[in-house]
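Ligands are counted one by one from 1 in listed order, and the atoms in each one are counted from 1 as well.
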Amino acid sequence: MEREFIRNFSIIAHIDHGKSTLADQLLLQSGAITQRDFKDQMLDDLDIERDRGITVKAHAVALRYEYEGQTYELNLIDTPGHVDFHYEVSRSLAACEGALLLVDAFQGVQAQTVANAYAAIEVDLEIIPVVNKIDLPVTRVEEVLDEVETVLGLDATQALRVSAKTGVGVETVFKAIIERIPHPSGHSTSPLQALIFDSKYDSFRGVIIYIRLVEGQIAKGDKIRFMRTGGVQEVIEVGQFIPKLTSCESLGAGQVGYIITGVKKLEDVKVGDTVTHEHRKAEKALPGYREPKQMVFCGMYPIEATDFEKLRDELGKMSLNDASFSFQPETSDALGFGFRCGFLGMLHMEIIQQRLEHESNIDLIQTAPNVTYELLLRGGQVMMLDNPQDVPDAGSIEEFREPIAKVNFIVPTSNIGVLMQMCEERRGNYINTEYLGPDRAQVIYELPLAEIIYDMHDRLKSATRGYGTMDYEVTGYKTANLVKMDVLVKSVQVDALATIVHRDVAEKRGRGLVKRLKDEISKHQFEIPLQAAIGGKIIARETISALRKNVTAKCYGGDITRKRKLWAKQKEGKKRLKQFGQVEIPQKAFLSVLEAG
Ligand code: GTP
């Protein structure tokens, strides 16, 4: 395919604004899939993924579209919508010349619309604003267009109006892609430079490497070199997703597709690396990506010590398909042998955790998540810390630094007050407010990441009755007056309950924590004192009194169904209990550590 007839684009949007629906509609209207296939595929998405078809949700689909008597190749490159995956958005965008910016006709510009639009502007893409869901009974199309202009500085007169659901206006999308997005600029005769923008492990074929050819050509049998990692491989297969994995003879400059080589492990392929020919090397590698940074860590421990190896296998499987997830063994006095796992953010953590629970049969105790800290030690060394248990002696710390994020909130103007209060309580630093219209505003704050990760999103949703949205980006580290807070259960320190807190709020947090622990830990045959301490000094204390009677004795008149329920509940709860000394501590107690207040 000649480059004049190729267009590479992404769809970017806030969550739920209709990205997948529009992508499906583009597939349908270009004839890439039929209505019937489409339904079938929707039914068993997961099986399809396993079955290596990877169609509707493919990361890069090549569509053929006839326009004014000419066939065009339109490569749709997928981007994830969530804040945890910012770096993946930027890397997908780097493989495109343009982007469709989808905005819901009622909800308007939201926090991730802004973040994604800026990411596209940064890499100089042609942005086509598309107002979606115009079929809704109530829309605010004109206001939404105003927001696109004021907040994003894009020309709203050029915006398209569509319904991805009904298909109305979708042909204008094809037209705009062809007429407004520039064709790629490389030459097929130049030395090969192909950008690796994604990779996936497939149990049948091994590692599938997604590439965007910037210069040159690549064909089956070519000997290639990964310019940054230095590996040399032979190309076993070249192809495109049309939308199923379809092999072809070669790919030329500007095209998007995949290669399969002898690479066996996902770790051996670096996303952002450049592929060139071993015998005709490009002079330099394409600009790569920033390494994804893991910002959130937690411990995962099998309840049964015998499950340790099984857990290691399961975590290994997870990391096969997700190079941004990491894990390494650690030990805790309280929990025994387990793993310290690193994630890009909270959503990423939840996804991995859910998959672990679904795909393996291991009962886990997960410790409260924490962010990565930076410590400047007295000797001048800088130490990164991802586990509160590893905080060195206070005397050896010169500076304790925590990650700071710039947070962009979009909220109804009537909620600005409560939002500000929420941010102030979390050590926020106000930056500014910009009104998007009479009813909505964008409020920017700088907040410690630790204050955001746990429940900020939920609190925002409940404070704004679901209307507020937020997006954040970690901007750097700042010195803060932080200390390690220990927890003692029956006078014994439980390392897995230790946290890092700000000195000013330590007492309050300590009191809140022991109180919550008191609620979470059931009564035993003896009294259990719970204490929070900083550097050996007790700052808060609660006591769980000793159990006097059998729990079921509380039930009136021998109501057997009630008793059964209670027993069943206790049994269920047992699965997630960890015996610590004489005291049983349930899973929930470990997570209660981070709740604010
Ligand atoms: P994420 O993948 O979660 O980021 O969402 P998305 O942006 O891909 O949104 P998706 O396509 O899943 O659509 C979200 C919801 O909006 C679904 O319930 C769709 O049916 C609905 N939707 C999408 N497009 C339209 C439209 O044009 N009109 C109407 N009425 N609903 C739509």
For this output row, return yes or no: ring centroids of [X] and [Y] closer than 6.0 angstrom.
| X | Y | result |
| --- | --- | --- |
| Phe343 | Phe325 | yes |
| Phe339 | Phe327 | yes |
| Tyr210 | Tyr258 | no |

Given that the side chain starts at C-beta and the backbone is N, CA, C, O, which of these parts of [X] lies under 4.0 Å from ligand 1, counting heavy atoms, or is it both or neither?
| X | result |
| --- | --- |
| Asp135 | side chain |
| Lys19 | both |
| Ala13 | neither |
| Asn132 | side chain |
| Ile15 | both |

Between Leu136 and ligand 1, does any nitrogen or oxygen pair lie at a separation below 3.5 Å? no

For the 3.5 Å polar cut-off, considering only N or O atoms, please tell me whether Ser163 and ligand 1 meet it. yes

Can you sort out which atoms of ligand 1 are near [X], meaning under 4.0 Å from one of its heavy atoms?
| X | value |
| --- | --- |
| Gly18 | 6 (P), 7 (O), 9 (O), 10 (P), 11 (O), 13 (O), 23 (C) |
| Thr21 | 10 (P), 11 (O), 13 (O), 19 (C), 23 (C), 24 (N) |
| Ser20 | 2 (O), 6 (P), 8 (O), 11 (O) |

Hey, is CD on Glu122 packed in by over 12 heavy atoms from elsewhere, all under 6.0 Å? no

Should Glu451 and Arg427 count as an ion pair when the cut-off is N to O under 4.0 Å? yes

Could you pull out all residues at least two apart from Thr150 that satisfy side-chain contact (heavy atoms from CB on, under 4.5 Å)? none

Under 3.5 Å, which donor-acceptor pairs do the side chains of residues 162-179 form with other protein atoms, sequence neighbours left out?
| residue | atom | partner | partner atom | Å |
| --- | --- | --- | --- | --- |
| Ser163 | OG | Asp135 | OD1 | 2.9 |
| Ser163 | OG | Lys165 | N | 3.4 |
| Ser163 | OG | Thr166 | N | 3.0 |
| Ser163 | OG | Thr166 | OG1 | 2.9 |
| Thr166 | OG1 | Val168 | N | 3.3 |
| Thr172 | OG1 | Gly169 | O | 2.5 |
| Glu179 | OE2 | Tyr67 | OH | 2.5 |

